[in-house]
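Worksheet: one structure, shown below.
Order of the sequence lines sets the chain letters (A, B, ...), proteins ahead of strands, with each chain counted from 1.
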Amino acid sequence: MGELEARFIKARRRVIDQEYAKLNPPQREAVLCTEGPLLLLAGAGSGKTTVLIHRVANLLQYGRGSDSTEIPMPITNDEADFLEQYADHPTQEQKPLARYLCAVEPARPWEVLAITFTNKAAGELRERLERMLGEEAAKDVWASTFHSACVRILRRDIDRIGFSRDFTIYDTDDSKRVIKDMIKELGLEEKAFPPREILSIISNAKDAMQSPEEYAALWEKNGDWRKVRIGKLYAGYNRRLRDANALDFDDIILHTVKLLQTDKETQEYYQKKFRYVLIDEYQDTNHLQYLLAGLLAGGRKNICVVGDDDQSIYRFRGANIENILSFEKQYDHCRVIRLEQNYRSTQNILDAANAVICHNTERKGKTLWTENGAGEKVTVKTVFNESDEANFVAGDIMMHCNRGGNWRDHAILYRMNAQSNALEYAFKRNGIPYKVIGGTKFFDRAEVKDMLAYLCVINNPTDDLRLRRIINVPSRKIGAATIDKAQLLAMENGVCLFDVVREASRYTELKSAAARLEQFAALIEEMRAKRETMELTEFYSFVCDRSGYVRMLEEKNDMESRGRLENVEELKSSMMGFLENQPENPTLAGFLDEIALYTDLDDQSDADNCVTMMTMHSAKGLEFPYVYVVGMEDGIFPGNRAMGEPEEMEEERRLCYVAMTRAKEKLTLTNARQRMLFGRTTPNLPSRFLKEIPEGNMEWLSRPEPRGETLPWEDDGGSRSFYEPVERPISRPAAANRKPVAAPLLELRPGESIEHTAFGKGMVLSVRPMGGDALVEVAFDQVGTKKLMLKTAGVHITKL
DNA sequence: ATCATAACGCTTTTT
DNA sequence: GCGTTATGAT
């Protein structure tokens, strides 16, 4: 290489470097290492998403310009001079020329595949790319989840492996129903074969690419008859899905892998197409996804996986941490970059989290650091029970807000959804606005599923499963016995259920219900006929009306059905959202595809100013200034199932690490000495994770007073005692053996002026006695009218 | 066919 | 302790 070339390449790198001057050195390195396999270990809060976006932008702008010694065109001295001076003094006018000179085979948008774990993440990626590069460049990048990428691939080519391209997608609920049917069909007991467990076994088998036959053969050899039965269920399940022309979530990945493995033409097509493959949250991938990643990137091996082994918390759903741990072994000459500078939390929080995660053995090893300063120490608070815990958190949050904080800056994290109850209760009584993330999702609501089932059947009448869901909703006097009979006839004649229903009068067995069945079939066909002529939302309204579903809800007209009506209406909004995003395929089929893979609709909720409650799992990827992790007790967190299971315990510890690193400014951990869960009160020792936090990074706000004979609080000989004097909990006596505190109940009358620690000044509107307590309605000057329970909220109120 | 009562069972969750 | 579901009675 001549001197000119060397000078040019050096200048080119400097020009590209300065384009990403805002990134820190390892971040920039991660953006500019474009060629070959790259393992990017991105710690919590290390700016991973920023890197991802810039990486894609760089690929589109400069191709391998930053990571190659190629020079794609003849160059002159003048051009090298130009780049050298531009690197020092970039100007807007010279930018296009500089970019042109520095690019080496820039990737075209459709040559970049960026896989994320959720639709939300994919959407954000696409959105930020659009803002950075403009709509033209961004819209053709394959930024999607594994599943939507696979559906796209399968819709094109699944017929090459003997499936029909217009398959429907079964969600977990659908799968469960099929399993239940199979259990009945084989005359088995659901108790001996819990559908959930069966489903998870089938899912694991599919992940291992084990066919039903292979699975059954394996266990037949070992003489495990229960497993052989499960193999039968697996076989029947697959047969049912095939008959219904349906794929479950695992099939979507499995068949894509099979397609790419068996059909060389397709494999070559995609390996050639995707010059650059990027996979986010790699620690959460399962075996099939690992295979898929390898297949898609198999051409040029330009595969970049991003993840954090310390944040792998989805083992229970098949995530295999080995994928990320052994990535370096899988790819020779793999480069590894660690992002360890944290931009989110204070040093105290990071030190505490680092100390906890250090107790795990199977990890790559990373130590987060920050320039944010030490900040406040991590607070640990021990309370008596779950309602004291809730009141403590509520009181602490009100205090912050009183000092000018915002509700939305606070999050409460717990291990299980069931723990939200006590918190919600305390927050309601205190009049604190909050939202609970998770629980029953919008698309899991029965009424939403019903309406989607109508649309599915209209779109594809051979969808027996959905047909059965709605054939008698609203009631059309078609009972279970009739449906079973029709289903049997369909099986015998090798046609779908809808065909039998449509021609019911031809089957003597159905004569009594034949007219009603045919009427239903006519209804579906009538709607089906209009599906292509009407605009989508208009069509949906028509279906709501014509099916009688909305009328059924309107006639019921109680609290519940009013809510359901709203959800049915809300589905139209998501339809409109779909139409805005996807104007090129605004069909019913397109919408159903999207919806089958899309499950969270809580996007709008982050606008409200309120406290967030959620599980530690759902908190992954989020951040809040103030974070409370509640229920830090052995048996709760780590959960009972992890005791004595080293791998499970390490997973729980990673979850703890995830939870702790969500906090930006202040982290508070609480544990209760006894807790009621599932109707039973049990004493609990403080979580072992608490003891893993260095003394220097934490502060015990209070320690429990000894409860003597009532509670078996044995100090486990650890370095720290939990028997120091305790502060009295904020309110309420919690146990019978405790003296009931005669709470000095405030005497309030309508018209009086009061001041609340969090809501400020206000006037009492009404006081209504309620079961030894009182419901007070107060019109606050700043925050409007609120209803408060006097016993709880009284602590925070002073008369003026 | 529809309603009522009993029995169960219960991490975590995305697609 | 609660919500879901299965089964039996009307």
Round to the nearest Å and state the distance from A:Ile169 atom CD1 to B:dT14 atom P.
17 Å

Return the value, rounded to whole Å, for the distance between atom CD of A:Glu594 and atom P of B:dT15.
12 Å

Starting from C1' on C:dT5, measure out to NZ on A:Lys176 and report it in whole angstrom.
11 Å

Please determine whether a side-chain nitrogen or oxygen atom of A:Asn119 lies at a distance below 4.0 Å from atom OP1 or OP2 of B:dT15.
yes

Please state the P separation for the pair C:dT5 and B:dT12 - nearest whole angstrom.
16 Å

B:dT2, OP1 or OP2 - any side-chain N/O from A:Ser475 closer than 4.0 Å?
yes

Is the backbone N or O of A:Asp174 less than 3.5 Å from a side-chain atom of A:Asp171, with the two atoms forming a donor-acceptor pair by type?
yes

Between A:Arg152 and A:Trp142, is NZ or CZ placed under 6.0 angstrom from the six-membered ring centre and within 45° of the ring axis?
yes

When the distance from NZ of A:Lys477 to P of B:dT2 is rounded to whole Å, what number comes out?
6 Å

Answer yes or no: does a side-chain N or O of A:Lys180 lie under 4.0 Å from OP1 or OP2 of C:dA6?
yes

Which letter, B, S or -, goes with each nucleotide of nucleotides 3-13 of chain B from 5' to 3', with contact meaning a protein heavy atom under 4.0 Å?
-------BBBB

Whole-Å distance, A:Phe249 CZ to B:dT15 C1', equals 4 Å

Might you work through the side chain to side chain donor-acceptor pair (under 3.5 Å) test for A:Ser203 and A:Ser200, ending with a clear yes or no?
CA-CA 5 Å; A:Ser203 176; A:Ser200 132; over 6 Å; no

Does atom CZ (A:Arg155) have a neighbourhood of more than 12 heavy atoms from anything else shown, all under 6.0 Å?
yes

Atom pair distance, as rounded to whole Å: NZ in A:Lys120 and C1' in B:dT15
16 Å

Comparing nearest nucleotides in DNA chain B, the 5'-proximal residue of the pair A:Asp250, A:Gly479 is A:Gly479

Across the strands shown, which category fits A:Leu288 at heavy-atom distances under 4.0 angstrom: base, sugar-phosphate, nothing?
nothing

Could you go through A:Thr172 and A:Ser175, starting from their C-alpha distance and side-chain angles, then the distance that decides it, and tell me whether this counts as side chain to side chain donor-acceptor pair (under 3.5 Å)?
CA-CA 5 Å; A:Thr172 319; A:Ser175 298; over 6 Å; no

With syn defined as a glycosidic angle within 90 degrees of 0 and anti as anything else, the base of B:dT11 is syn

When you compare the side chains of A:Thr670 and A:Glu389, does any donor N or O come within less than 3.5 Å of an acceptor on the partner?
yes

Could you label the plane-to-plane angle of the A:Phe146 and A:Phe117 rings as parallel, tilted or perpendicular, counting under 30° as parallel and over 60° as perpendicular?
perpendicular

To the nearest Å, give me how far apart NZ (A:Lys206) and P (B:dT15) are.
19 Å

Rounded distance (Å) that lies between atom P of B:dT14 and atom CD of A:Gln289:
14 Å

So does A:Thr118 reach the base of B:dT15 with its side chain, donor to acceptor, closer than 3.5 Å?
no

Does A:Met616 reach a base, just sugar-phosphate, or nothing at all? Heavy atoms under 4.0 Å.
nothing

